[in-house]
Amino acid sequence: MAKFYVTTPIYYVNAPLHLGHAYATISCDTLARWRRLKGDEVFFLTGTDEHGGNIEKIASENGKSPQEWVDEMSARGVAFFRGLGISNDDFIRTTEERHRLATEAFWKKVAGNRTEDGREYIYKGEYEGWYCRSCEAYFVESELVDGRCPIHPNLRAEKIKEETYFFRLSAFQGYFEDLFSKQKAKPAEERLVVPDVRFNEVYGLIKDKLRDVSITRTKIKWGFKVPGDPEHVIYVWFDALINYLTAIGYPDVNCEKFKRYWPAEMHVIGKEIMRFHVLLWPAMLKAAGLDLPKKVAAHGFWTIDGEKMGKSAGNAIDPRACAKEYSCDALRYFLLREIPFGHDGDFSMKRLIERYNADLANDFGNLAHRTMSMAHRYLNGQVRVPGGESPWEAFIRNQEDWKKQEGDKAIIGAIEAAAGERLSFVQAAFECFAERPLRVPQFQDALNDMWRVIKHGHKYLDTQAPWNQPKEKQEEVLGHVLVLLEAASWPLKAFMPEKAAELRRQLGMPPDERPQFDSFKLIAGDPLFPRIDTKKKG
Ligand code: MSP
């Protein structure tokens, strides 16, 4: 059985979570659910990043100890994701004892190892530079825009000078140049950094000479102490990245869980934390003698009127309100379909409602509803699977871009290979629509492919006009559409778990198994996505 270890960034607990955090987590959730559907053994990790100066500051502003603050905020984080139906297997908090043990062990391991030319990976020195409190990161002067870091234009960077331990990132310059130029020649899905737009950015990161990274603080108290030097507290990023190891049992590298799950298949992150995940983290792992993760998938930002959504911009959207009004699945669908993963996108309720009405209420929900209503009316809900040529197979085989045998869209060959005893052509097609783009991951492509066939379902119904046909023909036409709906309902369990399960229920199919079937016994139900009346919404 294949395994799949997928992680979200662990989220800061200085402010309530918002739609941006939901997006990263929903992306991972979709991947995790898809792999579970395929029968893979999945470990899906999310959690909270609870150390650092920001927490110290916000806790004291609120009259709380850092511990009280992080306990409260982390519990709110857990509830936030529960409210969105996220299926994580573990929730890690960096203030947990298991993480202290892992971080200390990791520190000692790296401090004990040496570079190829015999130098220490960790050494003591003095740091002087510009610091962005919000990023909890140092910048060199040339990186600042108008005295501020590029991500927080509302906040002035501060000049800081302190004694610190450094991590010798500069020792990896040659290694990274070599790694990423070799990677360029590889197909996108085999690269360490995806998607393309973000991979290309990685070159920018290594073009500038890598500098050693300050990995301890003396002015900040809220964090783990450096083993053997308690005046120094481990830098929040050094500690945070190790969470990916803690959750699977580090430092016990011989335990079953660690052996099974490391290296992770995919770290999903936002583009602003790429340099931590594609430079610092791989270097830390190499210094500790551990394998690199297989993939870092970096997504873009949700903006509001062009400005990054977030606490500091004061424009954060609570996704739970949106999910409450239109369903969690509608929100998931919108986030995954609206923008290509890796790019930025502007969020607006107007766009969400437009897409909901067009894609969900009309294309998908209405195809299901009109077909099943007719099947109940004309055939008492009992419909045999038709024999003969499948309109969907003919349609899919006819799509020019899917016929090409090279490039991302060469899907016909994959479908033929997947179709067989277990899967019909159309079932195999929908699995391939999900499988291929999700390796990169590219949710929008997966949904676009599925919707192309779903839309054709309406065209087919309209041209076949079962309402004007004798019973036998009605059964054949409706049977074909039901077969299409079943094919779609399976991979859609990853994207829209509740609605896809409800569709399977109405189709008379078990929610979590995919048996062979030669007829449908439909069960009446409500429309999956009732139309939103935009006039009423004003
Ligand atoms: N704690 C660090 C990550 C440590 S990982 C070892 C951190 N936390 S964060 O709370 O700031 O969360 C950052 C992540 O939230 C981003 O990388 C991104 O995945 C998500 N988003 C936060 N705002 C976002 C948008 N406006 N749009 C999309 N996602 C963004 O950085």
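Read the numbers this way: they start at 1 and go in the same order the structure lists the ligands and their atoms. Heavy-atom basis, side chains included; hydrogens, waters and symmetry copies ignored.
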Please identify which atoms of ligand 1 are closer than 4.0 Å to at least one heavy atom of Gly270. 16 (C), 17 (O), 18 (C), 19 (O)

Ion pair present between Glu265 and Lys3, side-chain N to carboxylate O less than 4.0 angstrom? yes

Six-ring centre of Phe199, Lys184 cation under 6.0 angstrom, axis tolerance 45°: no

Name of the residue among Trp34, Tyr23, Phe341, Tyr333 meeting ring-ring contact (aromatic ring centres under 6.0 Å, His included) with Phe443: Phe341

Nearest protein heavy atom to atom 20 (C) of ligand 1, by residue and atom, and its distance? Gly20 O, 3.6 Å

Check ligand 1 against Ala240 and write out every atom of the ligand that is under 4.0 Å from a heavy-atom position of the residue. 6 (C)

Do any nitrogen or oxygen atoms of Asn243 lie less than 3.5 angstrom from nitrogen or oxygen atoms of ligand 1? no

Within 4.0 Å of some non-hydrogen atom of Asp49, the atoms of ligand 1 are 1 (N), 2 (C), 4 (C)

If the cut-off is 4.0 Å to any non-hydrogen atom of Ala24, which atoms of ligand 1 fall inside it? 19 (O)

Give a yes/no on ligand 1: does Lys271 have at least one heavy atom closer than 4.0 angstrom to it? no

Is it possible for you to check whether Arg100 lies under 6.0 Å from the centre of the six-membered ring of Phe224, through NZ or CZ, and within 45° of that ring's axis? no

Whether Lys159 engages the ring of Tyr131 as a cation-pi pair (distance to the six-membered ring centre under 6.0 angstrom, angle to the ring normal within 45°) should be assessed. no

Out of Lys225, Glu163, Arg217, which residue meets the side chain to side chain donor-acceptor pair (under 3.5 Å) rule with His232? Glu163

Which heavy atom of the protein is the closest neighbour of atom 15 (O) of ligand 1, given with residue, atom name and distance? His21 CD2, 3.3 Å

Considering only protein heavy atoms, which is closest to atom 6 (C) of ligand 1, and at what distance to one decimal place? Tyr244 OH, 3.5 Å

Any cation-pi pair here, Arg119 with Phe167, using under 6.0 Å and within 45°? no

What protein heavy atom sits nearest atom 19 (O) of ligand 1, and how far off is it? His299 NE2, 2.7 Å

Distance from atom 12 (O) of ligand 1 to nearest protein heavy atom, with residue and atom: Tyr11 CD2, 3.6 Å

Evaluate the criterion salt bridge (charged side-chain N to carboxylate O under 4.0 Å, His left out) for residue pair Glu56 and Lys221; output intermediate values, then yes/no. CA-CA 8 Å; Glu56 236 168 33; Lys221 297 288 164 244; over 6 Å; no

Nitrogen or oxygen of Glu272 less than 3.5 angstrom from that of ligand 1: yes

Could you check atom 9 (S) of ligand 1 against the protein and tell me its nearest heavy-atom contact, residue, atom and distance included? Tyr12 CD1, 3.7 Å

Using a plain distance cutoff, I'd like to know if Trp302 has any nitrogen or oxygen under 3.5 Å from a nitrogen or oxygen of ligand 1. yes

For ligand 1, indicate whether the residue Phe276 contacts it via side chain, backbone, both or neither (heavy-atom separation under 4.0 Å). neither

Below 3.5 Å, N or O to N or O, backbone or side chain included: is there any such pair between Gly300 and ligand 1? no

Note: Arg33-Asp29 ion pair, threshold 4.0 Å (strictly below): yes

Would you mind checking which non-hydrogen protein atom is closest to atom 26 (N) of ligand 1, with the distance to 0.1 Å? Met309 O, 2.8 Å

Does Arg168 count as lying over the ring of Tyr121, i.e. NZ or CZ under 6.0 Å from the six-ring centre, within 45 degrees of the axis? no

Please state which protein non-hydrogen atom is closest to atom 23 (N) of ligand 1 and give its distance, to 0.1 Å? His18 CE1, 3.3 Å

Do any N or O atoms from the side chain of Trp281 and from the backbone of Ile242 form a donor-acceptor pair under 3.5 angstrom? no

Under 3.5 Å: N/O of Ile10 near N/O of ligand 1: yes

Applying side chain to side chain donor-acceptor pair (under 3.5 Å) between Thr46 and each of Thr7, Asp90, Thr8, Asn88, report the one that passes. Thr8

Under-4.0 Å heavy-atom contact with ligand 1, by part of His277 that carries it: side chain

Can you confirm if the NZ or CZ of Lys286 lies within 45° of the ring axis of Tyr175 and under 6.0 Å from the centre of its six-membered ring? yes

Of all the heavy atoms in Trp281, does at least one lie under 4.0 Å from an atom in ligand 1? no

